[in-house]
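Both counts, for ligands and for their atoms, begin at 1 and track the order of listing.
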Amino acid sequence: MILIVDDNKNNIYSLKKLLESQGFKIDTAESGEEALGKALKNNYFLIILDVQMPGMDGFEVAESFAGYSKTKDIPIIFLSAVNTEKQFIAKGYASGGIDYVTKPIDPEILMLKVKTFYNLQENSLALKKNHQNLELEVKGRRESQVVMKSEIDHFHLMLEALPQIAFTLDKDGQVTFVNAKWYDYSNSKSLFPETHIDDKDILKEFERSQKKHKPLELEVRIKHLRSNSFRYHLLRMTPVFENETIKNWVGTFTDIEDQKKIEKEKDEFLSIASHELKTPLTSIKAYVQLMDRKLKFDPESPEKNYVDKVLIQIEKLNSLITDLLDVSKIENGKLKINKKPTNLESVIQNSIDTILQTHDSDKIKIERHGPKPDILIPLDEMRIEQVLLNFLSNAIKYSPDNHQIFVSTFIDEENVRVSVTDFGIGIPEYKQPSVFQKFYRVEESSVQFQGLGIGLFICSEIIEQHDGTIGVSSEVNEGSTFYFTLPLN
Ligand code: ADP
């Protein structure tokens with residue numbers, strides 16, 4: 001709105017008409033006092049002020065506008081019929097006015113000036129708004145920085161309180177924070193603890209995880225600085241994502257030295273016990289076979305039946321002990337694989353035949369699917385047969401109400417895949433990756449079915465040593481498919 005201040009009603013009238021014809025809103029005052037009162041109450045972007053007025057003249061009014069924060073910045077155009085001399089013009093400017101128009105008014109010039117002020121006012125309003133927005137944003141950012149800092153402090157405090165070594169890395173892998181425990185194993189914040197020469201290199205493994213955008217889990221021995229001895233730790237490094245890109249990494253080293261010692265003692269015990277059991281069992285088996293041959297039982301007699309049952313149980317015991325021995329061989333890195341070019345199809349057939357001979361073949365139905373890999377593949381025949389026998393006997397064991405089994409093969413340019421499918425009890429999805437761990441048994445079925453939980457662990461080691469892959473897909477109460485792949489070359 002524009003305020004026109006003039007003691008002459010006619011002047012006000014004609015000016016008002018002129019400005020209203022250009023779309024401006026107009027307010028009027030007939031004296032300096034009235035103008036001041038209105039200017040303090042309303043918002044004007046321009047005041048057109050007559051200089052010659054009884055009481056307060058225009059310059060005095062302008063001076064008093066300059067004294068109030070609400071009015072001091074409103075531009076003023078002075079109108080005067082007489083004070084055209086330079087000194088009056090200068091006085092007008094000094095008292096806060098910005099322009100000066102002499103009477104008689106040239107409407108075009110006045111309109112030009114009013115429009116210029118209007119535009120100036122619009123621009124300065126927009127600038128003010130921008131400025132306010134900017135200030136608000138800066139304030140907001142400052143506040144969120146404070147909040148973030150206190151969150152980070154809190155997070156670091158939590159990492160300090162952990163019993164583990166804890167640290168954080170930025171997205172490029174530079175260490176950004178370490179807790180006090182770090183310094184038991186490293187002299188410098190930026191240097192990872194020294195690892196045992198036989199263990200994997202932490203930085204190399206981390207680089208791999210960085211590329212894959214996957215967390216890292218690694219068992220390594222790191223050197224304790226004071227005792228100068230290596231202790232087993234479980235290293236975990238987890239990426240923190242923001243909008244699908246890695247923001248940073250949080251890592252911990254958990255001391256598992258005591259667990260490892262107990263595990264080692266247990267493995268040693270298992271190794272000794274299974275070795276010691278193996279010798280008398282071999283003698284028992286030999287004597288029972290000798291007795292069987294010498295006594296020449298009638299095949300239909302109960303005695304022959306008993307001896308056969310004893311031999312079956314000895315065989316079971318024997319395979320249990322062999323499995324335990326395999327586990328200790330794996331632990332000591334002594335499970336040897338002798339790869340020779342072998343016809344995989346004949347290994348598969350032998351395994352199926354063995355299963356049919358040792359189980360009630362009337363009940364069990366094994367179907368062969370897929371192309372027959374009648375090709376020579378470098379593999380350890382005994383060990384691959386061991387894997388297949390394990391898959392097949394598990395398929396029978398864990399399918400008490402369904403005796404249908406599929407053995408399928410699939411060959412592509414690089415690999416051959418062999419799978420054994422059953423329609424048994426299945427495995428819950430979240431437990432599937434664990435079935436290849438040592439001594440792992442699915443709780444739900446462990447009471448009903450006997451076993452040690454080491455068969456699949458041995459299988460995965462055998463397949464790994466063949467540079468192949470092993471896995472399972474399964475659905476509870478629908479069945480399971482266990483598979484392995486072998487590279488063709
Ligand atoms: P074991 O059978 O002696 O327990 P394994 O290592 O062969 O040991 O198998 C580990 C576990 O995996 C088993 O205890 C069982 O819970 C589960 N499992 C293996 N094969 C099957 C299968 N075909 N169907 C359902 N569960 C299975």
At a 4.0 Å cut-off, with the gap strictly under it, does some heavy atom of [X] reach an atom of ligand 1?
X: K397; answer: yes
X: G453; answer: yes
X: S480; answer: yes

Identify the protein heavy atom lying closest to atom 12 (O) of ligand 1, giving its residue, its atom name and the separation to 0.1 Å. V435 CG1, 3.4 Å
Students should be able to answer this: which protein heavy-atom is nearest to atom 23 (N) of ligand 1, and at what distance? D422 OD2, 2.8 Å
Can you say whether the rings of H213 and F241 are parallel (under 30°), tilted (30 to 60°) or perpendicular (over 60°)? parallel
Return the orientation label for the F406 and H369 ring planes: parallel under 30°, perpendicular over 60°, tilted otherwise. tilted
Is there a polar contact, in the sense of an N or O pair closer than 3.5 Å, between [X] and ligand 1?
X: F482; result: no
X: L456; result: yes
X: V442; result: yes
X: R441; result: yes

Cationic tip of R417 within the cone over Y483's six-membered ring, i.e. under 6.0 Å and within 45° of the normal? yes
Validate the cation-pi geometry between K260 and Y232: distance from NZ or CZ to the six-membered ring centre under 6.0 Å, angle to the ring axis within 45°. yes
With respect to F167, which candidate in Y185, F192, Y183 satisfies the ring-ring contact (aromatic ring centres under 6.0 Å, His included) definition? F192
Side-chain donor-acceptor contact under 3.5 Å, E385 with S351: no
Closest by any non-hydrogen atom to atom 20 (N) of ligand 1: pick that one out of N390, I427, V472, N394. N394
Nearest non-hydrogen contact to atom 2 (O) of ligand 1 from the set Y398, F391, F423 belongs to Y398
Quick test of your reading of the model: are [X] and [Y] salt-bridged, counting only N-O distances below 4.0 Å?
X: D292; Y: K304; answer: yes
X: R231; Y: D255; answer: yes
X: E331; Y: K264; answer: no

Where is the tightest heavy-atom contact between R441 and L452, given as atom of each residue plus distance? CD-C, 4.0 Å
Only heavy atoms of [X], strictly under 4.0 Å: list the atoms of ligand 1 that pass.
X: Y440; value: 10 (C), 11 (C)
X: S445; value: 16 (O)
X: G455; value: 5 (P), 6 (O), 7 (O)

Applying a 4.0 Å heavy-atom criterion (strictly less than), which segment of I454 is in contact with ligand 1: side chain, backbone, both, or neither? backbone
